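Here the structure comes first, spelled out in structure tokens, and everything after it is commentary.
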Amino acid sequence: MVQGITGKIIQDHADGRKEGAYLSVKVDFILLHDPTFALILPELKASGEEIWDRTKVLLTVDHFAPPSSTERANMVKEVLSFAVGKKLPHLSIYQGICHQLLVEGPWLKPGQLILGADSHTVTGGALGCLATGLGSTDILYSLITGKTWLRPPEVVRINFRGNLPPYLMGKDIILDLLGRYGEGGFLYQAMEFFDTDEAISMDDRFAICNMVVEGGAKNGLFMPDRVTEEFLIERDNGLNSSFQRFDEELTYSKKIEMDLSQLKPKIALPHSPAKVVDVEEVDGEPIDTIFIGSCTGGRLRDIEVVSTLLKGRKIAQGVNLLVCPASQKIYLQAIEKDYLTTLIEAGGVVLNPSCGPCGGIDKGILAKDERCLSTSNRNFQGRMGDPSSKVFLSSPLTAAASALTGRIVDPREVM
Amino acid sequence: MALPEIISGQVWTLGPHVNTDLLHPPSHFTPDEKKMREGIEEGILRLGGKVKKEGPEVGWIIVAGENFGCGSSRETSARGLLAFGVKGVVAYSFARIFMRSLINLGIPVFECREIQEHVRNGEMIRILMREGWIETQDSKRFSFSEMDLHFKKILEVGGLLHYLRRERHGL
Ligand code: SF4
């Protein structure tokens, strides 16, 4: 018997073909971005095949946005000329990070099956769908056929209880889980989150789902509830209030209970997102650069809490504070709400919405021995720059608090 | 192109949780096959430079620990390994996207939890598909978990693109 909502979604999308433990399933939507699509573009062209349904594909240029070398500029040019030539209806150039654009658009709904040519496609699971990342060749298969092969996974249910105290964010929750279960703790499994008290905002849910892949999970998914409904209504101007509901009679391989009020701010130490301790344990560690952005930590709520904390204050001398809104929409909202003025006055620098420093792509690449506190999802050695650089991962709130002193600080100390 | 009965190669050992950013640093992302290989060479240096950059004629068999290939889905890591002459990958366990990418490119993967302590970099090993075991240079044998039928079907035709072609055109 299949487990969880994930199992039901796979079953609902199955076309009847089975090979070993794998089922052939229909796909509702596919996310592509510049580098991973560039890899398969020559193969797609050579195959003579067409994309099965152009209306079900979002192509973003967000990694090389704008490109920082001629090789990358050529990749972007190739990708764009293909997209324009094929009249792809959903094309997004330099508008923000693909995972944010995917959830801002009108496409994702509970119960759907979503694929992306990027491991953090799992972010979309916050909307109650099965969203998972695949390598480029797998995506090429799906672009042509509208299908993929999936194995119904074991599913772990995580029950959150209580309210989220003001010093905690979604990031602390997922770091806590990663710290307790390890980098391979949820390998091949799905994680399904039940927010019993509807205490976690959608932006925090995105951050939680975003990092399930750091525990090895196939996907992470929030049981759709009122928070989901409100998000969808607002997103689609009231048009999308009906969606698939799931009953509570679901089977799970394991259950984890979490009392949110008991949690402390968490931080991942270099070089693993699962090497997690309480922030207070590393209090005082010096930091050179603070990066607030990425598909984990550059949403409006992230920028809001950072700006609230830094209002009327100045960051420590010698600290680089880089803030990168996850999309142009968030950028505009942050301007309207004056958050960016506050951040600039505090001494921060605002980057254009893109991946940027997160994957060491451009803008803010780390120097030899540089120490960075980042709100992104991965602190693997050398990912953000020089192999000798060190990256800590925390919530935007902890990152902002640390910007004030240039040392790692528990946000409770400065709030 | 059928899956060979015996895959042999020189061992390249890797520890647990080796992620794709280490194996193929993001700064080396490229669609160019030759440069992809250079990314793997950089990865080898970052992983401690334990194997030579010039591959052996026979090719490599990676023997890795838990959760091999975790992290980014950038397929340049798997494509780089192919360009580097990797013939097969044995691991305690695999990160799922990376495992699928290897198979999709026609590189067979084997889950084996005992062999890690018993092989050294540079020794020759053989994977005997039909018998279901891996034989080390000093003739120790370790069995691997049976490969899923779906993966076998992809590997038997040489990768996912060939599988797709057959599915669509019966070639
Ligand atoms: S922000 Fe970072 S983790 Fe997210 S898609 Fe971009 S490079 Fe990947």
Side-chain angles (χ1 to χ4, degrees), chain A residues 18-23 35-36 38-43 47 49 63-64 71-72 74-75 78 116-121 132-141 144-145 149 151 153 182-184 187-188 213-214 216-218 271-274 359-361 365 378 380-385 387, chain B residues 16-23 25-27 29-32 35-36 42-43 45-47 65-79 92-106 146-154 159-161 163-165 167-169:
Chain A
K18 194 171 189 280
E19 261 179 25
Y22 286 73
L23 306 180
T36 55
L39 271 190
I40 45 169
L41 192 50
E43 289 156 0
S47 74
E49 302 271 6
H63 280 62
F64 306 149
E71 187 186 35
R72 290 172 178 184
N74 287 332
M75 272 189 256
E78 286 280 315
D118 188 285
S119 62
H120 291 108
T121 305
T132 190
L134 287 172
S136 292
T137 302
D138 250 316
I139 289 295
L140 179 56
Y141 176 93
I144 293 171
T145 62
W149 291 85
R151 180 165 59 96
E183 258 186 80
L187 205 57
Y188 312 132
V213 67
E214 267 55 74
K218 182 193 213 97
H271 301 287
S272 163
I361 295 169
I365 293 174
R378 288 185 180 138
F380 297 143
Q381 189 181 354
R383 176 175 166 87
M384 289 183 71
Chain B
H17 305 293
V18 170
N19 60 70
T20 50
D21 283 344
L22 260 180
L23 199 58
S27 48
F29 182 89
T30 171
D32 180 288
K35 288 199 203 151
M36 267 184 223
E42 174 63 22
L45 285 180
R46 293 189 183 190
L47 284 155
E66 188 188 343
N67 194 21
F68 181 43
C70 54
S72 169
S73 69
R74 275 177 286 113
E75 210 174 87
T76 38
S77 49
R79 290 182 185 223
Y92 184 94
S93 59
F94 290 87
R96 59 170 281 279
I97 298 176
F98 184 67
M99 176 172 72
R100 287 180 70 130
S101 290
L102 290 170
I103 292 166
N104 291 344
L105 297 173
E146 192 175 342
M147 197 184 282
D148 189 275
L149 179 68
H150 176 57
F151 292 158
K152 261 191 208 152
K153 295 227 170 197
I154 296 174
L160 189 65
L161 289 186
Y163 179 96
L164 171 72
R165 216 166 286 149
E167 212 179 44
R168 291 180 74 81
H169 309 293

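Note that the structure is predicted; figures quoted are calculated from it, not measured. So you know, we letter chains A, B, ... as the sequences are listed, proteins then strands, and number each from 1. The analysis underlying the following values was restricted to heavy atoms, covering all of them including side chains, and did not include hydrogens, waters or symmetry mates.
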Exercise. Parallel, tilted or perpendicular: which describes the rings of A:Trp149 and B:Tyr163, with under 30° parallel and over 60° perpendicular?
Worked result: perpendicular

Seminar exercise, completed: Note: vs chain A, highest number of non-hydrogen pairs under 4.5 angstrom among B:Ser93, B:Ser72, B:Ala78, B:Pro16 is B:Ser72

Exercise. Is the side chain of B:Asn67 donor-acceptor paired with the backbone N or O of A:Glu183 at a distance under 3.5 Å, no angle test?
Worked result: yes

Exercise. Highest number of heavy-atom pairs under 4.5 Å with chain A: which of B:Arg79, B:Met147, B:Glu66, B:Lys35?
Worked result: B:Arg79

Seminar exercise, completed: Whatever's closer than 4.5 Å to a heavy atom in chain A on B:Asn19 counts as side chain

Seminar exercise, completed: chain B shares the most heavy-atom pairs under 4.5 Å, among A:Thr36, A:Val213, A:Leu187, with A:Leu187

For this session: Not counting sequence neighbours, which residues clear side-chain contact (heavy atoms from CB on, under 4.5 Å) with B:Pro25? List them please.
Result: B:Ser27, B:His28, B:Glu42, B:Arg46

For this session: Tell me, out of B:Arg74, B:His17, B:Arg100, who's got the most heavy-atom pairs with chain A below 4.5 Å.
Result: B:Arg100

Exercise. Quick one: does A:Glu71's side chain get under 4.5 Å of B:Pro31's, heavy atoms only?
Worked result: yes

Exercise. Relative to chain B, which of A:Ala38, A:Gly360, A:Ala21, A:Gly385 shows the most heavy atom pairs under 4.5 Å?
Worked result: A:Ala21

Exercise. Non-hydrogen atoms of chain B under 4.5 Å away: do they reach the side chain of A:Leu41, the backbone, both or neither?
Worked result: neither

Exercise. At a heavy-atom separation under 4.5 Å, does B:Ile103 approach chain A through its side chain, its backbone, both, or neither?
Worked result: neither

For this session: Take B:Glu75 and A:Asp138 through the side chain to side chain contact (heavy atoms under 4.5 Å, CB included) test and state the conclusion after the steps.
Result: CA-CA 10 Å; B:Glu75 210 174 87; A:Asp138 250 316; 5.8 Å; no

Exercise. In terms of heavy-atom pairs under 4.5 Å, which option from A:Gly116, A:Ser272, A:Gly184, A:Pro273 contacts chain B the most?
Worked result: A:Gly184

For this session: Between chain B and each of A:Glu214, A:Lys218, A:Gln381, count heavy-atom pairs under 4.5 Å; write down the option with the most.
Result: A:Lys218

Seminar exercise, completed: Heaviest contributor of heavy-atom pairs below 4.5 Å to chain A, chosen from B:Leu149, B:Leu22, B:Asp21, is B:Asp21

Exercise. Distance from B:Leu105 atom CG to A:Ser136 atom OG, nearest 0.5 Å?
Worked result: 9.5 Å

Exercise. Among side-chain atoms of B:Arg96 and A:Thr132, is any donor-acceptor pair under 3.5 angstrom?
Worked result: yes

Problem set entry | Residue pair A:Ser119 / B:Ser73: nearest heavy atoms and the distance that separates them | N-OG, 3.4 Å

Problem set entry | chain A contact via B:Phe151 - which portion, at a heavy-atom distance below 4.5 Å | side chain

For this session: Please flag which part of A:Arg383 lies under 4.5 Å from any non-hydrogen atom of chain B: side chain, backbone, both or neither.
Result: both

For this session: Tell me, for A:Ala274 versus chain B, whether the close heavy atoms (under 4.5 Å) come from the side chain, the backbone, both or neither.
Result: neither

Seminar exercise, completed: The salt bridge (charged side-chain N to carboxylate O under 4.0 Å, His left out) partners of A:Glu78 (sequence neighbours excluded) come to A:Lys45

Exercise. Picking from A:Pro387, A:Gly216, A:Gly359, which has the most non-hydrogen pairs under 4.5 angstrom with chain B?
Worked result: A:Pro387

Seminar exercise, completed: For A:Gly135 and B:Ser101, the nearest pair of non-hydrogen atoms, with its separation, is CA-OG, 3.7 Å

For this session: Let me know if B:Lys152 has heavy atoms under 4.5 Å from chain A in its side chain, its backbone, both or neither.
Result: neither

Problem set entry | Option that, when pairs with chain B are counted at under 4.5 Å, heavy atom only, ranks first among A:His120, A:Met384, A:Met75 | A:Met75

Problem set entry | Side chain / backbone / both / neither for B:Met99 at chain A, heavy atoms under 4.5 Å | side chain

For this session: Identify the two heavy atoms, one from A:Leu39 and one from B:Phe29, that lie closest to each other, and give their separation to 0.1 Å.
Result: CG-CZ, 3.9 Å

Seminar exercise, completed: Only residue of A:Leu140, A:Thr137, A:Ile139 satisfying side chain to side chain contact (heavy atoms under 4.5 Å, CB included) with B:Asn104 is A:Thr137

Exercise. Do B:Leu164 and A:Glu49 come within less than 4.5 Å of each other through their side chains, counting heavy atoms only?
Worked result: no

For this session: Measure distances from A:Arg151 to the heavy atoms of chain B and classify the residue's part below 4.5 Å as side chain, backbone, both or neither.
Result: neither

